[in-house]
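Just the heavy atoms: all of them, side chains too, but no hydrogens, waters or symmetry mates, feed the values below. Position 1 is the first residue of the sequence; numbering continues from there.
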Amino acid sequence: MTTQPQRNNEGFLENPHEWRPDVAEEIAAEAGIDLTENHWEIIYLLRDFYTEHEMAPPAPRFFVKAVKQSLGADKGNSIYLMQLFPGSSALKVASRIAGLPRPANCL
């Protein structure tokens, strides 16, 4: 069995480079989320953003805009993202599952 990467007290990976799809599955399951193709689309979008900018999207509004630009208006809206990643903040939940650091402007 593969060992799971270290996580902080909020469940975010200590080292985003240790992320793997099975880690995402485990973190999602802890949040009661069964990952679908739609989830993976957002997860990989976030991971690509992180690779390019070396940070998670800084705010929920920026996250929604990035999704809209990449995947279209049907998916680039707050309601869609909150349905996929329910909780206090869709960006925070999605970033945790994607193995990214905690977004700076999320409570």
request  = Start with the C-alpha gap between Glu26 and Arg20, add the side-chain angles, then the distance that decides, and say whether side chain to side chain contact (heavy atoms under 4.5 Å, CB included) holds.
outcome  = CA-CA 10 Å; Glu26 182 175 310; Arg20 302 181 310 270; over 6 Å; no
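- A ring-ring contact (aromatic ring centres under 6.0 Å, His included) check over residues 58-80, counting only residues at least two apart or in different chains, returns the pairs Phe49-Phe62.
- The salt bridge (charged side-chain N to carboxylate O under 4.0 Å, His left out) search around Arg47 returns none, not counting sequence neighbours.
- Glu14 CD: more than 12 foreign heavy atoms inside a 6.0 Å radius.
- The ring-ring contact (aromatic ring centres under 6.0 Å, His included) contacts involving residues 20-43 comprise His39-Phe85, Trp40-Tyr44, where partners must be two or more places apart or lie in separate chains.
- In plain terms, the two heavy atoms of Val67 and Gly76 that are nearest each other are CG1-CA, 3.7 Å.
- Thr36 contributes atom OG1, which lies 4.5 Å from atom CG of Asn38 (distance to the nearest 0.5 angstrom).
- With rounding to the nearest 0.5 angstrom, the CD1 atom of Ile42 is 5.0 Å from the CG atom of Leu71.
- Using a 4.5 Å heavy-atom cutoff, the side chains of Ile97 and Leu35 are in contact.
- For Phe12, the side-chain contact (heavy atoms from CB on, under 4.5 Å) partners two or more places apart in sequence, or in a different chain, are Asn8, Glu10, Lys92, Ser95, Arg96, Arg102, Pro103.
- The two atoms that bring Ala56 and Pro101 nearest to each other are CB-O, 3.8 Å, heavy atoms only.
- Residues passing the salt bridge (charged side-chain N to carboxylate O under 4.0 Å, His left out) test with Glu30, sequence neighbours excluded: Arg7.
- A heavy-atom distance below 4.5 Å is found between the side chains of Pro57 and Leu46.
- The shortest non-hydrogen separation linking Ser78 to Val64 is OG-CG2, 3.7 Å.
- Using a 4.5 Å heavy-atom cutoff, the side chains of Glu18 and Val23 are not in contact.
- Side-chain contact between Ile33 and Val93 is present, with heavy atoms from C-beta onward closer than 4.5 Å.
- Of all non-hydrogen atoms in Ile27 and Gly11, the two that sit nearest each other are CD1-O, 4.3 Å.
- For the salt bridge (Lys or Arg N to Asp or Glu O under 4.0 Å) condition, the pairs that include at least one residue of residues 74-91, sequence neighbours left out, are Glu41-Lys75.
- Atom-to-atom distance recorded for Ile43:CD1 and Asp48:CG is 12.0 Å, nearest 0.5 angstrom.
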